[in-house]
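A short write-up of the structure that comes next.
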Amino acid sequence: MSNNQSPTHKSDQVNDLTDTLLVHDKEANKILAVKGIKKKSGEKDKLETVDPAKRKENSFLKINKNEDMLSNFLRNFFSQISNPTRFNFFKVPIQSAVLIAKKMQQFVNSAKLEGADLLKGLKEIINPQNNKNTMAQQENKPENSNRYSVDKIDWKSLQNFGWTREDFAKTGLLDSLLKGFKTAEMLPISVKVGNQKLDTEGKLWLEMGKNGKAVFNMLPKKNEIELDKPFFGHQFTDEDKAHLLEKGNMGRAVNLTEDGKTHLPHLISLDKDTKQVVAYSVANIQIDDVIKGVTISPEQKKELLEGKSIYLEGMLSKRNSLFNGEIQFNAFKGHIEFQFDKGNAKMQNQVNSQSQSTEIPKVYRRKEFTFDQYNKISNGETVYIADFKNDSGKEYPGYVWLNKESGKLDFNFKNPNNLKQKSTPAETQKTQVAVNSEGKTNVATKNINDPLKSGQTSPRNKTPQNKQNGVSNATKKRGRRAS
């Protein structure tokens with residue numbers, strides 16, 4: 001390490017252990033940094049503040065966050081100044097104080113809140129997960145955001161999925177379950193059905209059981225995403241499917257039916273890990289007034305409850321950095337999710353141009369793909385189709401996949417994934433690909449006016465010796481039937 005680097009590194013280490021105080025001056029409605037207390041003879045001590053700017057950071061009050069007497073020090077500090085009720089104090093890490101102050105000032109300028117509601121919003125900006133770092137003159141009572149408590153869990157229900165309490169505790173996933181969420185990670189699941197033990201994967205969550213205790217439940221992984229089938233009476237539109245596959249959320253609220261009864265509006269999301277579609281009742285959704293330091297208007301709340309996404313600027317992350325992005329309610333997760341705005345328009349344009357150049361036709365060889373088939377092909381999978389049609393309308397089976405090099409569909413009567421030899425294709429095979437995928441002919445077929453049939457690489461010889469049951473010599477060599 002060079003001499004120039006050492007002092008900076010040491011300073012960073014000191015700042016990591018140092019806090020400072022920001023203050024909200026309620027009369028001026030300004031966020032300021034505390035410098036100290038200015039003592040005047042015969043007068044009440046006066047709070048001394050500076051603008052929370054980077055150039056004035058050296059004058060910020062510095063407090064060692066590890067001092068045992070910190071609370072007593074701050075209590076005495078507040079009591080010395082004149083008109084102490086004018087100020088709300090907030091303890092923050094000194095290295096991020098300027099950024100937090102900027103965000104707090106933005107909040108008090110835009111928020112139409114007063115008193116306790118305004119103070120709550122300012123605390124949320126400082127630390128969304130934990131209000132213990134907020135220093136104010138009133139007693140701090142952190143809210144318990146958990147829906148379930150550990151002592152009210154039926155741990156025997158966890159054994160139904162092949163887990164013990166001790167093993168599950170090692171995953172570190174219990175906190176999200178206590179808040180009412182599903183596990184973010186896929187877990188190995190073992191379910192006993194009669195004398196059989198079935199091993200699969202899935203995600204766990206807690207729900208209230210009949211005995212008053214929270215029981216574990218499981219969402220298993222499906223083999224494929226099923227969006228062509230009705231979901232509790234709702235038939236997905238092409239737009240619904242596109243939104244679910246792209247963002248995971250359908251983007252609108254719909255009424256669902258079960259046993260002939262219409263239920264209240266629900267939002268619908270897709271979990272791509274389990275390939276399951278999940279609904280969440282709009283009536284059970286609660287949208288906070290402040291999200292990541294940004295005040296949410298009634299109009300924005302309405303849009304979120306309708307399943308739409310809204311764009312927010314100036315949100316504050318857990319690492320005390322500002323970011324912009326879209327927020328939307330996710331029915332699977334059961335809460336608002338964030339999609340960060342990376343601001344790389346050039347990269348987005350490249351992605352868009354690539355997706356346009358590899359656009360897959362929805363109809364191929366007179367076969368219109370189902371949504372699930374189209375989705376699999378788009379994801380690079382090889383799909384078996386049983387009902388391709390030839391010129392005369394006769395059905396025949398085969399395999400189709402997207403050729404990443406050409407950006408077009410390839411076809412084979414045999415599963416290409418099972419072919420042992422992957423040598424360079426012969427000229428007849430190249431012709432077959434051209435015929436199947438592009439409708440082209442090679443030198444041997446360039447003078448033929450009629451289109452070639454599937455499996456035909458050269459014009460049919462009209463002599464009886466070369467024409468047997470409509471199969472050409474080239475086709476016989478490959479062992480393929482003509483369409």
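- Counting only heavy atoms from C-beta outward, the side chains of Val108 and Leu118 approach each other to under 4.5 Å.
- A distance of 10.0 Å separates CG of Asn390 from CZ of Arg365, quoted to the nearest 0.5 Å.
- With sequence neighbours left out, Phe332 forms a ring pair (Phe, Tyr, Trp, His ring centres under 6.0 Å) with no residue at all.
- With Asn379 contributing its side chain and Glu381 its backbone, the two residues share no donor-acceptor pair below 3.5 Å.
- The shortest side-chain heavy-atom distance between His234 and Asp240 falls under the 4.5 Å cut-off.
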Start with the C-alpha gap between Arg165 and Ile153, add the side-chain angles, then the distance that decides, and say whether side-chain contact (heavy atoms from CB on, under 4.5 Å) holds.
CA-CA 10 Å; Arg165 177 174 180 176; Ile153 294 178; over 6 Å; no
Determine whether Lys247 and Glu326 satisfy the following criterion, salt bridge (charged side-chain N to carboxylate O under 4.0 Å, His left out), listing intermediate values before the conclusion.
CA-CA 11 Å; Lys247 290 188 174 182; Glu326 288 186 352; 2.9 Å; yes
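- When side chains are defined from C-beta on, Phe369 does not count as touching Val383, because their heavy atoms never get closer than 4.5 Å.
- Residues meeting the side-chain hydrogen bond (donor to acceptor under 3.5 Å, both in side chains) test with His24, sequence neighbours left out: Asn29.
- Atom CG of Asp387 sits about 7.0 Å away from atom CD1 of Ile385, to the nearest 0.5 Å.
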Could you go through the side-chain contact (heavy atoms from CB on, under 4.5 Å) check for Phe90 and Leu119 one step at a time?
CA-CA 10 Å; Phe90 306 90; Leu119 184 61; 3.6 Å; yes
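- Of the listed residues (Thr370, Leu244, Thr237), just one forms a side chain to side chain contact (heavy atoms under 4.5 Å, CB included) with Leu227, and that residue is Leu244.
- For the pairing with Lys170, the side chain to side chain contact (heavy atoms under 4.5 Å, CB included) check across Leu173, Asp167, Leu174 returns one residue only, Asp167.
- Minimum interatomic distance between Asn211 and Lys213 (heavy atoms only, all atoms of both residues): OD1-N, 3.0 Å.
- Between Thr257 and Gly233, the shortest heavy-atom distance links the atoms OG1-CA, 3.5 Å.
- Within the 4.5 Å cutoff, the side chain of Val278 has no heavy atoms near those of the Asp271 side chain.
- Take Tyr374 and apply the ring pair (Phe, Tyr, Trp, His ring centres under 6.0 Å) test, not counting sequence neighbours, and it matches no residue.
- Checked by atom type and distance alone, the side chain of Trp163 pairs as donor or acceptor with a backbone atom of Pro188 at under 3.5 Å.
- Here the side chain of Gln328 pairs a donor or acceptor atom with the backbone of Gly307 at under 3.5 angstrom.
- When side chains are defined from C-beta on, Thr20 counts as touching Val92, because their heavy atoms get closer than 4.5 Å.
- Side-chain atoms of Asp154 and Ser157 include no donor-acceptor pair closer than 3.5 Å.
- Remark: His243 engages no residue in a ring pair (Phe, Tyr, Trp, His ring centres under 6.0 Å) (not counting sequence neighbours).
- Using a distance-only test at 3.5 Å, with no hydrogens or angles considered, no donor-acceptor pair links the side chain of Glu303 to the main chain of Pro298.
- In this structure, CG on Leu158 lies 7.0 Å from CG on Leu204, to the nearest 0.5 angstrom.
- In this structure, Trp401 and Asn417 have side chains that are not in contact, with every pair of non-hydrogen atoms separated by 4.5 Å or more.
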Quick one: do Asn403 and Lys408 satisfy side-chain contact (heavy atoms from CB on, under 4.5 Å)? Show the steps, please.
CA-CA 5 Å; Asn403 187 316; Lys408 298 182 179 181; 5.6 Å; no
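- Scanning both residues, Val150 and Trp155, for their nearest heavy atoms gives O-NE1, 3.7 Å.
- A distance-only check finds no donor-acceptor pair linking the side chain of Gln276 to the backbone of Lys222 [under 3.5 Å].
- Between Glu306 and Lys302 a salt bridge is recorded (basic side-chain N to carboxylate O distance below 4.0 Å).
- Around atom NZ of Lys301, more than 12 heavy atoms belonging to other residues, nucleotides or ligands sit under 6.0 Å away.
- In this structure the side chain of Leu409 reaches within 4.5 angstrom of the side chain of Pro361, judged on heavy atoms.
- Under the 3.5 Å distance criterion, the side-chain polar atoms of Ser96 are left unmatched by any main-chain donor or acceptor of Leu99.
- Counting only residues at least two apart or on different chains, the ring pair (Phe, Tyr, Trp, His ring centres under 6.0 Å) pairs with a member in residues 247-305 are Tyr280-Phe329.
- More than 12 heavy atoms of other residues, nucleotides or ligands lie within 6.0 Å of CD in Glu224, so this atom counts as buried by the packing criterion.
- The closest side-chain heavy-atom distance from Leu187 to Phe161 is not below 4.5 Å.
- The shortest heavy-atom contact between Ala331 and Leu267 is CB-O, 3.4 Å.
- Every residue two or more places apart in sequence or in another chain that forms a ring pair (Phe, Tyr, Trp, His ring centres under 6.0 Å) with Tyr399 is listed here: Tyr384.
- At distances below 3.5 Å, at least one donor-acceptor pair connects side-chain atoms of Lys203 with backbone N or O atoms of Ala184.
- By the 6.0 Å contact criterion, NZ on Lys272 is enclosed, its count of non-hydrogen atoms from other residues, nucleotides or ligands being greater than 12.
- Heavy atoms of other residues, nucleotides or ligands lying less than 6.0 angstrom from NZ of Lys102 number 12 at most.
- Distance check, rounded to the nearest 0.5 Å: OG of Ser190 to NZ of Lys197 gives 4.0 Å.
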Test log, rule ring pair (Phe, Tyr, Trp, His ring centres under 6.0 Å), inputs Phe411 and Tyr364
CA-CA 10 Å; Phe411 171 87; Tyr364 178 69; 7.1 Å; no
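- Residues Tyr148 and Leu206 come closest through the heavy atom pair OH-O, 3.3 Å.
- Residue Ile310 holds its CD1 atom at 6.5 Å from CD1 of Ile291, rounded to the nearest 0.5 Å.
- Summarising the geometry, atom NE2 belonging to His335 is positioned 8.5 Å from atom OG belonging to Ser176; distances are rounded to the nearest 0.5 Å.
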With side-chain contact (heavy atoms from CB on, under 4.5 Å) as the criterion, how do Lys30 and Gln105 come out once you've worked through the C-alpha distance, each side chain's angles and the decisive distance to 0.1 Å?
CA-CA 6 Å; Lys30 289 194 67 176; Gln105 187 64 60; 3.9 Å; yes
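- In Lys362, the NZ atom is not crowded: 12 or fewer heavy atoms of neighbouring residues, nucleotides or ligands sit closer than 6.0 Å.
- Counted within 6.0 Å of CG on Asn223, heavy atoms from surrounding residues, nucleotides or ligands total 12 or fewer; the atom is thus considered open.
- The two residues Phe87 and Lys26 make their nearest non-hydrogen contact at N-CE, 4.1 Å.
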